[in-house]
K.L.:
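Sharing a structure, written as structure tokens. Questions coming.
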Amino acid sequence: QVQVVESGGGLVQAGGSLTLACAASGSIFSPNLMGWYRQAPGKQRELVADITSGGITNYADSVKGRFTISRDNAKNTVYLQMNSLKFEDTGVYYCNAERYGVIRFNVWGQGTQVTVSS
């Protein structure tokens, strides 16, 4: 019913910038929490950043100060602005949308590849 679609991935040189977008659709109920995760080859998936419907943000230490997560509640869309990209930022970035309570869901996007060249 509910789905999320990521966009904005690509190839960028180290030190460059990239912005990802994730749009949630299929429900009139807004997600309580939307976030970005990433998975590098041979590594476990990790949380990059998330944001509540009220605008409370959480960042992984490795990206704090470089990445900014934002949200447009009217569009149920979350963005991840990535600056000063490093080679170790390379991976597949996944969007997650979650709602708690009686009407709950937890959905993942298919992922978008981010490759940072050194």
Side-chain angles (χ1 to χ4, degrees):
Q1 184 178 12
V2 180
Q3 62 181 13
V4 295
V5 179
E6 304 102 331
S7 62
L11 175 65
V12 64
Q13 291 184 331
S17 299
L18 204 62
T19 299
L20 307 181
C22 170
S25 63
S27 177
I28 64 172
F29 302 101
S30 300
N32 297 114
L33 184 70
M34 298 186 71
W36 288 96
Y37 293 72
R38 69 186 180 190
Q39 187 168 21
K43 300 185 66 176
Q44 294 182 334
R45 186 174 300 186
E46 63 176 351
L47 174 68
V48 177
D50 57 25
I51 183 169
T52 70
S53 60
I56 305 299
T57 59
N58 178 47
Y59 295 92
D61 289 339
S62 60
V63 307
K64 193 171 185 178
R66 299 188 298 119
F67 291 10
T68 302
I69 189 169
S70 60
R71 178 170 176 167
D72 185 338
N73 289 333
K75 298 180 179 179
N76 286 329
T77 300
V78 64
Y79 305 91
L80 185 67
Q81 180 180 304
M82 304 183 292
N83 298 323
S84 301
L85 283 162
K86 304 174 181 179
F87 176 77
E88 50 264 42
D89 293 318
T90 295
V92 179
Y93 283 67
Y94 297 90
C95 179
N96 176 261
E98 186 171 18
R99 182 176 175 84
Y100 304 100
V102 177
I103 306 299
R104 64 177 60 193
F105 52 78
N106 190 333
V107 297
W108 293 86
Q110 292 183 327
T112 184
Q113 177 71 43
V114 173
T115 303
V116 183
S117 63
S118 59

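Worth saying up front: this structure is predicted, and the values here are computed from it rather than measured.
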K.L.:
When the side chains of residues 46-56 are checked against the rest of the protein, which donor-acceptor pairs come out under 3.5 Å, sequence neighbours left out?
P.N.:
residue : atom : partner : partner atom : Å
E46     : OE2  : R38     : NE           : 2.8
E46     : OE2  : R38     : NH2          : 3.4
T52     : OG1  : G54     : N            : 3.2
T52     : OG1  : G55     : N            : 3.3
T52     : OG1  : I56     : N            : 3.0

K.L.:
Looking at V4 and A97, what are the two nearest heavy atoms and their distance?
P.N.:
CG1-CB, 3.6 Å
K.L.:
Kindly work out whether a path of hydrophobic side-chain contacts (I/L/V/M/F/W/Y, heavy atoms less than 4.5 Å apart) joins M82 to V116.
P.N.:
yes
K.L.:
More than 12 heavy atoms of other residues, nucleotides or ligands under 6.0 Å from CD of Q113: is that the case?
P.N.:
yes
K.L.:
Tell me, do N96 and N106 make a side-chain contact under 4.5 Å, heavy atoms counted?
P.N.:
yes
K.L.:
Are Y94 and R45 side-chain neighbours, meaning at least one heavy-atom pair lies under 4.5 Å?
P.N.:
yes
K.L.:
List the atom pairs, donor and acceptor, that lie under 3.5 Å between side-chain atoms in residues 10-22 and the rest of the protein, sequence neighbours left out.
P.N.:
residue : atom : partner : partner atom : Å
S17     : OG   : N83     : OD1          : 2.9

K.L.:
Within this structure, what is the SG-CD distance for the pair C95 and Q3, rounded to the nearest 0.5 Å?
P.N.:
11.5 Å
K.L.:
Using only atom types and a distance under 3.5 Å, with no angle test, would you say the side chain of E6 pairs donor to acceptor with the backbone of Q110?
P.N.:
yes
K.L.:
Quick one: salt bridge (Lys or Arg N to Asp or Glu O under 4.0 Å) pairs with a partner in residues 90-118, sequence neighbours left out?
P.N.:
none
K.L.:
Show the atom names and distances, to 0.1 Å, of all donor-acceptor pairs under 3.5 Å that link a side chain in residues 25-36 to residues at least two apart or in another chain.
P.N.:
residue : atom : partner : partner atom : Å
S27     : OG   : F29     : N            : 3.1
S30     : OG   : N76     : OD1          : 3.3
N32     : OD1  : Y100    : N            : 2.6

K.L.:
Which pairs pass ring-ring contact (aromatic ring centres under 6.0 Å, His included) with one or both residues in residues 52-93, sequence neighbours excluded?
P.N.:
none
K.L.:
Applying salt bridge (Lys or Arg N to Asp or Glu O under 4.0 Å), which residue pairs with at least one partner in residues 54-73 are found, sequence neighbours left out?
P.N.:
R66-D89
